[in-house]
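In what follows, a structure is listed as structure tokens, so that the remarks can point back to it.
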Amino acid sequence: MSQVLHQLMSVLEDRKINPPPNSYTARLYAGGDAKIGSKITEEAHELVEAAGEMGEQGRRHMIYEASDVIYHLFVMLAHHDIKLQEVEGEIGRRFGQSGLDEKAQRTVVAAK
């Protein structure tokens, strides 16, 4: 995993413990799951819209929106004290396995 993503996660974890004044990240933490979740939903929607744009401008827009989704996802993970290494471990566990097989073997059921 990219070092910059690990650096981002470290900053987010620190901001949770030491929230600076006028910090967007601190405001997200203060809003809890509802605030962070709504931002993830909003940014994911914008990413999907950007995917439909053509050409280099569409490509750049998609990269921009993907960055927003990743940032807000990392905020949610840090909010719940989930380490990036735990997510990496889960992704690693799934390597070499069909996505359909993995889904059929899940023991954790997501709430809908």
Side-chain angles (χ1 to χ4, degrees):
M1 177 83 52
S2 166
Q3 187 60 31
V4 73
L5 296 179
H6 284 277
Q7 290 172 326
L8 172 60
M9 194 64 168
S10 292
V11 168
L12 296 175
E13 290 166 345
D14 182 66
R15 296 254 166 99
K16 182 180 174 188
I17 298 165
N18 305 300
N22 300 319
S23 166
Y24 175 69
T25 301
R27 287 185 199 161
L28 288 172
Y29 288 138
D33 290 339
K35 178 69 173 173
I36 302 165
S38 71
K39 288 303 296 183
I40 292 171
T41 301
E42 174 189 328
E43 299 299 346
H45 180 77
E46 290 173 3
L47 173 62
V48 171
E49 285 181 344
E53 297 173 10
M54 304 306 257
E56 185 59 27
Q57 184 175 352
R59 183 176 185 281
R60 285 193 315 270
H61 188 197
M62 195 169 167
I63 292 167
Y64 181 88
E65 297 300 344
S67 299
D68 284 350
V69 170
I70 291 168
Y71 163 79
H72 288 91
L73 170 63
F74 279 24
V75 171
M76 182 69 86
L77 293 173
H79 182 64
H80 286 276
D81 298 318
I82 296 172
K83 302 290 185 193
L84 189 52
Q85 294 83 351
E86 293 175 89
V87 176
E88 288 175 322
E90 177 60 19
I91 291 170
R93 183 189 69 76
R94 295 179 186 190
F95 261 81
Q97 181 178 24
S98 158
L100 296 175
D101 290 344
E102 186 279 328
K103 188 171 183 175
Q105 296 173 6
R106 286 185 190 169
T107 56
V108 177
V109 178
K112 297 214 178 194

CE/Met9 to CG/Leu77 distance, rounded to the nearest 0.5 angstrom?
->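 Output value for this atom pair is 4.5 Å.
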Starting at CD of Glu90, measure out to CD1 of Ile82 and round the result to the nearest 0.5 Å.
->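 Spacing of CD (Glu90) from CD1 (Ile82) equals 11.0 Å.
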Do Glu43 and Leu73 have side-chain heavy atoms sitting under 4.5 Å apart?
->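 No; the side chains remain at least 4.5 Å from each other.
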Given side chains that start at C-beta, do those of Arg59 and Ile63 come closer than 4.5 Å, heavy atoms only?
->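 SC-SC contact between Arg59 and Ile63 confirmed.
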So does Asn22 have more than 12 non-hydrogen atoms from other groups sitting under 6.0 Å from CG?
->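 At most 12 heavy atoms, drawn from other residues, nucleotides or ligands, come within 6.0 Å of this atom.
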Would you indicate whether Glu56, at its atom CD, is surrounded by more than 12 heavy atoms from other residues, nucleotides or ligands within a distance under 6.0 Å?
->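 For Glu56, atom CD is crowded (more than 12 foreign heavy atoms under 6.0 Å).
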If you group Ile, Leu, Val, Met, Phe, Trp and Tyr whenever their side-chain heavy atoms sit less than 4.5 Å apart, what else falls in with Leu47?
->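 Other cluster members: Met62, Val69.
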Using only heavy-atom distances, determine whether the side chains of Tyr71 and Thr25 contain a donor-acceptor pair under 3.5 Å.
->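 Yes.
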Side-chain donor-acceptor pair under 3.5 Å between His61 and Glu65, yes or no?
->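 Short answer, yes.
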Ser23 side chain to Pro19 main-chain N or O, any donor-acceptor pair under 3.5 Å?
->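 Not at all, since once roles are kept as given, no pair shorter than 3.5 Å links the two residues.
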Taking only residues two or more places apart in sequence or in another chain, which ones pass side chain to side chain contact (heavy atoms under 4.5 Å, CB included) with Ile40?
->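 Side chain to side chain contact (heavy atoms under 4.5 Å, CB included) check on Ile40 returns Ile36, His72, Met76.
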Nearest heavy-atom neighbours spanning Phe74 and Leu12 =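 Closest pair (atom of Phe74, atom of Leu12, distance): CB-CD1, 3.4 Å.
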When clusters are formed by joining ILVMFWY residues with side-chain heavy atoms under 4.5 Å apart, either directly or through shared neighbours, do [X] and [Y] land in the same one?
X: Tyr64; Y: Met54; value: no
X: Leu84; Y: Val11; value: no
X: Ile17; Y: Tyr24; value: no

Among residues two or more places apart or on two chains, list those pairs meeting salt bridge (Lys or Arg N to Asp or Glu O under 4.0 Å) that have a residue in residues 10-30.
->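 Salt bridge (Lys or Arg N to Asp or Glu O under 4.0 Å) check on residues 10-30 returns Glu13-Lys83, Lys16-Asp81.
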